[in-house]
2 protein chains.
Amino acid sequence: MSSGTEIQGGGRALTPQREVVLRVVRESAEHLTAAEIYAAARRIRPSLSYATVYNSLRYLKEAGLVREITFGNGASRYDRETARHDHALCTRCGALLDFDLAETAALMRLAARRSRFKPESIHLTLMGVCPACSAAEQRRTRRKGAR
Amino acid sequence: MSSGTEIQGGGRALTPQREVVLRVVRESAEHLTAAEIYAAARRIRPSLSYATVYNSLRYLKEAGLVREITFGNGASRYDRETARHDHALCTRCGALLDFDLAETAALMRLAARRSRFKPESIHLTLMGVCPACSAAEQRRTRRKGAR
DNA sequence: GTTACTGCAAAGTCTTTGCATGCGG
DNA sequence: CCGCATGCAAAGACTTTGCAGTAAC
């Protein structure tokens, strides 16, 4: 092998457009939505179309270079981290945090046995209140409590 | 308390429409989509509108009488089982199975500590191949293998 | 020359919303 | 009467697709 970001198959692999999309996802610490990726990518390559962003994301996803995360019915977000990991989602502000529990991976076998499914992957999501929102709420409560 | 399915608040609680929607969700062993619920509910009450189905589902969800499940960017499905439980989703046919691992609940505390989120709920989903699809694939492979 | 990606616009899927109507308290 | 839910249609958010043009192999 050669570059580490090479894919085979009939296609043209990493076209300039796909590289821009990949770069945007990789250079962001956040988990961007397609719309955000589109905006950022257009700053680099103004001719880029929405369709190409979606096509590129689908391609990159299938090539294992990015990961798609979906919650609720909102927009998908895209994650540069493709290794298995868990997520915490703030029910107040929507903040999304990556973390990893070794125990989750262990649960996959248990879950497979219980469900009789042939396991492929396992996803754990904690819904809760992030530290920032938690602090903000305590401040509010304290103020209210003083009335 | 009285009937067990009573909610307070300004509103009119369980209107006939909401009861039909609830009944459809409760009487199905499957995890129906809004469209399926709409179709089934209309058979009982033909005047029901799509908007009312969605409004009712939102209401029932907030009242804790049904649970919404979302995967990917497809349609939400609705679950009569509101207690915490895990899901297995077939990547071939989309079949959705409920099961419950006590270990998942235990993971919530670990996840909360790691993420520093105030925990509210935890969701575990196993992606894999359901028994039916698994069997179908083995049949196909065996045939192919014999060529 | 064939294959496949791009870019545009249009269509598609799922969900929510504005508004007039009408029932229930 | 007033408030809220209903029902209709229209709009909204997000994603996919059809098609012509073009670049890669």
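Just so it is clear: chains get the letters A, B, ... in the order the sequence lines come, proteins before strands, and each one is counted from 1. Just so you know, these numbers come straight off a predicted model, no measurement behind them.
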Student: Heavy atoms, side chains only, cut-off 4.5 Å: are S76(B) and T33(B) in contact?
Tutor: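 A side-chain contact under 4.5 Å is absent here.
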Student: Apply salt bridge (charged side-chain N to carboxylate O under 4.0 Å, His left out) to D98(B) and list each qualifying residue two or more places apart in sequence or on a separate chain.
Tutor: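 If we apply the salt bridge (charged side-chain N to carboxylate O under 4.0 Å, His left out) test to D98(B), skipping adjacent residues, there are no hits.
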Student: Could you state the atom-to-atom distance from CG of L14(A) to P of dC25(D) in whole Å?
Tutor: 13 Å
Student: Have a look at R18(B) and say if it touches a base, only the backbone sugar-phosphate, or nothing, with a 4.0 Å heavy-atom cut-off.
Tutor: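 Sugar-phosphate, no base atom in range.
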Student: Shorter than 3.5 Å, N or O on both sides, protein versus nucleotides 22-25 of chain C: list them out with atom names.
Tutor:
none

Student: Just jot down the salt bridge (charged side-chain N to carboxylate O under 4.0 Å, His left out) partners of E137(A), sequence neighbours excluded, or say none.
Tutor: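 Partners of E137(A) by the salt bridge (charged side-chain N to carboxylate O under 4.0 Å, His left out) criterion, ordered by chain and then number, come out as R92(A).
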Student: Please work out which of the three classes, parallel, tilted or perpendicular, describes the rings of Y50(B) and Y54(B), given edges at 30° and 60°.
Tutor: parallel
Student: Rounded to the nearest angstrom, tell me the gap between atom OH in Y38(A) and atom C1' in dT15(D).
Tutor: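 Atom-to-atom, Y38(A) to dT15(D), this comes out as 14 Å.
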Student: Want to settle it: does S56(B) or A34(A) sit nearer the 5' end of DNA chain D, counting the closest nucleotide to each?
Tutor: S56(B)
Student: Does CZ belonging to R84(B) count more than 12 external heavy atoms closer than 6.0 Å?
Tutor: yes
Student: Polar atom pairs between nucleotides 7-14 of chain D and protein, under 3.5 Å, N or O only, would you list them?
Tutor:
| residue | atom | partner | partner atom | Å |
| --- | --- | --- | --- | --- |
| dG7(D) | OP1 | S47(B) | OG | 2.9 |
| dG7(D) | OP2 | T52(B) | OG1 | 3.4 |
| dG7(D) | O5' | S47(B) | O | 3.3 |

Student: Could I get the full list of side-chain contact (heavy atoms from CB on, under 4.5 Å) partners for T52(B), not counting sequence neighbours?
Tutor: Q17(B), L48(B), S49(B), S56(B)
Student: Think R77(B) forms a cation-pi with F71(B), using NZ or CZ under 6.0 Å from the six-ring centre and within 45 degrees of its axis?
Tutor: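 Pair R77(B)/F71(B) does not count as cation-pi.
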Student: Can you name the side-chain contact (heavy atoms from CB on, under 4.5 Å) partners of E103(A), sequence neighbours left out?
Tutor: L101(A), L107(B), L110(B)
Student: More 5' along DNA chain C: P16(A) or E68(B), using each one's nearest nucleotide?
Tutor: P16(A)
Student: Can you measure F71(A) atom CZ to dT15(C) atom P for me and round it to whole angstrom units?
Tutor: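 Whole-Å distance recorded here is 18 Å.
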Student: Would you kindly give the CD-to-P distance between E62(A) and dC5(C), to the nearest whole Å?
Tutor: 11 Å
